[in-house]
Student: 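Could you have a look at this structure, given as structure tokens, before my questions?
Bear in mind the structure is a predicted one, so any value in this text is a computation, not a measurement. Each ligand, and each atom within it, is numbered from 1 in the order the structure gives. Position 1 is the first residue of the sequence; numbering continues from there.
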Amino acid sequence: SRKIVIKIGSNTLSNEDGTINHVFIEELCNQVSFLIAEGKQVAIVTSGARIAGISRTNKWSRKEDMHYKQALCAIGQVELMSAYNSHFSQHGIYIGQLLLTREDFFDKTRTLNMRNTLFTLADEGIVPIINENDTVSVEQIKIGDNDTLAAYSASLWNADLLILLSDIDGIYDKNPKDYDDAKLLEQIENIDIMLEEIEIGQSNSFGTGGITTKIEAARIVNRYGIPMILANGKTHDILMKAYNNETKATIFLPE
Ligand code: ADP
């Protein structure tokens, strides 16, 4: 069966007021359940723990020191998983949580264990939900963005496709948030050539990696022969549309 890794960015998971977008999570779970009913296996890489933590503990929102950030992630991770859990259970689907760090991907025994867990969960029809383990990952040793985490996870699991859901339709020749006439690049076969043709702008509010880490994620998975689609999480039924090539998006094809 086809294995798909789906990564959801913070901007997609949050409302404009900085709270978690539960409607989005519900729709995402509906779409993933549909893909599973069609015989596909799906793993999710989710951001948003910190945002979920902030909406839980408003009084902390201005505390910027690292221990508070990590504490917010610890709190928000539970909120987030509880949202996924309740929506997936409507479809009779169970989830399993994997909290990973950079070091895990560079250790032979750990990667083997992670691989086996991923395969077992998916074979049993359970949706693995992956996030970085912020409690143990201090800034210096972090993967730092979930685009890269998603790319590592897709490679580790030998996925057939990686889909990154963001708040834009794909890669543009310049930041679509700043330029109305920015043009979408629909298919990318050579990342280096593409990089010479586009302008990379700032990413906004809650995002961490920006567009650069998405391009680098494509480079990682393409090296393993895995295509990557960057698409807009706000588009209705985006997963089916992206999978069937029925929407505006950017696909990175391995050479
Ligand atoms: P996410 O939270 O989904 O991971 P980010 O906010 O980190 O997303 O990164 C996506 C943002 O990158 C977009 O909202 C867009 O404003 C910005 N961006 C900058 N340059 C470009 C470009 N050339 N093409 C597309 N997006 C771009």
Student: Sequence neighbours excluded, which residues qualify as side chain to side chain contact (heavy atoms under 4.5 Å, CB included) partners of Asn133?
Tutor: Leu99, Thr101, Thr135, Val136
Student: So how far is it from Tyr94 OH to Asn85 CG, rounded to the nearest 0.5 Å?
Tutor: 9.0 Å
Student: With no hydrogens and no angle check, do the side chains of Thr235 and Asn232 hold a donor and an acceptor under 3.5 Å apart?
Tutor: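 Their side chains do not contain a donor-acceptor pair, so the 3.5 Å distance test is not met.
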Student: Pick one of side chain, backbone, both or neither for how Asn11 approaches ligand 1, counting any non-hydrogen atom pair under 4.0 Å.
Tutor: both
Student: Going by atom types only, do Ser47 and Asn146 share a side-chain donor-acceptor pair under 3.5 Å?
Tutor: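 Yes.
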Student: Under 4.0 Å from a heavy atom of Gly9: which atoms of ligand 1 are those, numbered in the order shown and with their elements?
Tutor: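 Those qualifying, in numeric order: 1 (P), 2 (O), 3 (O), 4 (O).
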Student: Check this for me - ligand 1, Asp147, N or O atoms closer than 3.5 angstrom, yes or no?
Tutor: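 N/O-N/O distance below 3.5 Å does not exist for this pair.
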Student: Is Ile129 close to Met81 at the side-chain level, that is, under 4.5 Å between some pair of heavy atoms?
Tutor: yes
Student: For ligand 1, note which part of Lys214 has a heavy atom under 4.0 Å away: side chain, backbone, both or neither.
Tutor: side chain
Student: If you measure every N or O of Gly210 against every N or O of ligand 1, does any of those distances drop under 3.5 Å?
Tutor: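 Between Gly210 and ligand 1, an N or O pair is found under 3.5 Å apart.
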Student: So, is Thr12 polar-close to ligand 1, with some N/O to N/O distance under 3.5 Å?
Tutor: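 Not met; the criterion fails.
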Student: Does the side chain of Val127 come within less than 4.5 Å of Ile44's, by heavy atoms?
Tutor: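 Yes, their side chains come closer than 4.5 Å.
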Student: Can you name the atoms of ligand 1, numbered from 1 with element, that are less than 4.0 Å from a heavy atom of Ser10?
Tutor: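 It comes down to these atoms of ligand 1: 2 (O).
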Student: With atoms numbered from 1 as shown, which atoms in ligand 1 lie under 4.0 angstrom from a non-hydrogen atom of Asp167?
Tutor: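 Under 4.0 Å from Asp167, ligand 1 has these atoms: 13 (C), 14 (O).
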Student: Taking only heavy atoms of Asn175 into account, list the atoms of ligand 1 that are under 4.0 Å away from them.
Tutor: 15 (C), 16 (O), 17 (C), 18 (N), 19 (C), 20 (N), 21 (C), 23 (N), 27 (C)
Student: Identify, by atom number and element, the atoms of ligand 1 in contact range of Lys177, meaning under 4.0 Å from any of its heavy atoms.
Tutor: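 What qualifies from ligand 1 is 14 (O), 16 (O).
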Student: Could you see which bit of Met194 sits under 4.0 Å from ligand 1, with heavy atoms only: side chain, backbone, both or neither?
Tutor: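 No part of Met194 is near ligand 1 at this cut-off.
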Student: Please lay out, stage by stage, how Gln41 and Asp123 fare under the test side chain to side chain donor-acceptor pair (under 3.5 Å).
Tutor: CA-CA 8 Å; Gln41 296 188 335; Asp123 286 346; 3.2 Å; yes
Student: Between Pro176 and ligand 1, find which residue part has any heavy-atom pair under 4.0 Å and reply side chain, backbone, both or neither.
Tutor: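 Only the side chain of Pro176 comes within reach of ligand 1.
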Student: Could you go through Ser137 and Asp134, starting from their C-alpha distance and side-chain angles, then the distance that decides it, and tell me whether this counts as side chain to side chain donor-acceptor pair (under 3.5 Å)?
Tutor: CA-CA 5 Å; Ser137 292; Asp134 290 292; over 6 Å; no
Student: Under a 4.0 angstrom heavy-atom cut-off, which atoms of ligand 1 come close to Glu199?
Tutor: 23 (N)
Student: Based purely on interatomic distance, does Ile198 place a nitrogen or oxygen under 3.5 Å from a nitrogen or oxygen of ligand 1?
Tutor: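 No, since none of the N or O atoms of Ile198 sits under 3.5 Å from an N or O of ligand 1.
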Student: Quick check on contacts: which atoms of ligand 1 are under 4.0 angstrom from a heavy atom of Lys7?
Tutor: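 Answer for ligand 1: 4 (O).
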Student: Mark yes or no: Lys40 above the aromatic ring of Tyr243, with NZ or CZ under 6.0 Å from the six-membered ring centre and no more than 45 degrees from the axis.
Tutor: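 Yes.
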Student: Tell me yes or no: between the side chains of Asn131 and Gln77, is some donor less than 3.5 Å from an acceptor?
Tutor: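 Result is yes, a qualifying pair exists.
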Student: Using a strict threshold of under 4.0 Å (side-chain N to carboxylate O), is an ion pair present between Lys234 and Asp169?
Tutor: no
Student: I need the atoms of ligand 1 closer than 4.0 Å to a non-hydrogen atom of Ser166, numbered in the order shown.
Tutor: 1 (P), 3 (O), 8 (O), 10 (C)
Student: Does ligand 1 have an atom that lies less than 4.0 angstrom from a heavy atom of Gly170?
Tutor: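 Gly170: in contact with ligand 1 (<4.0 Å).
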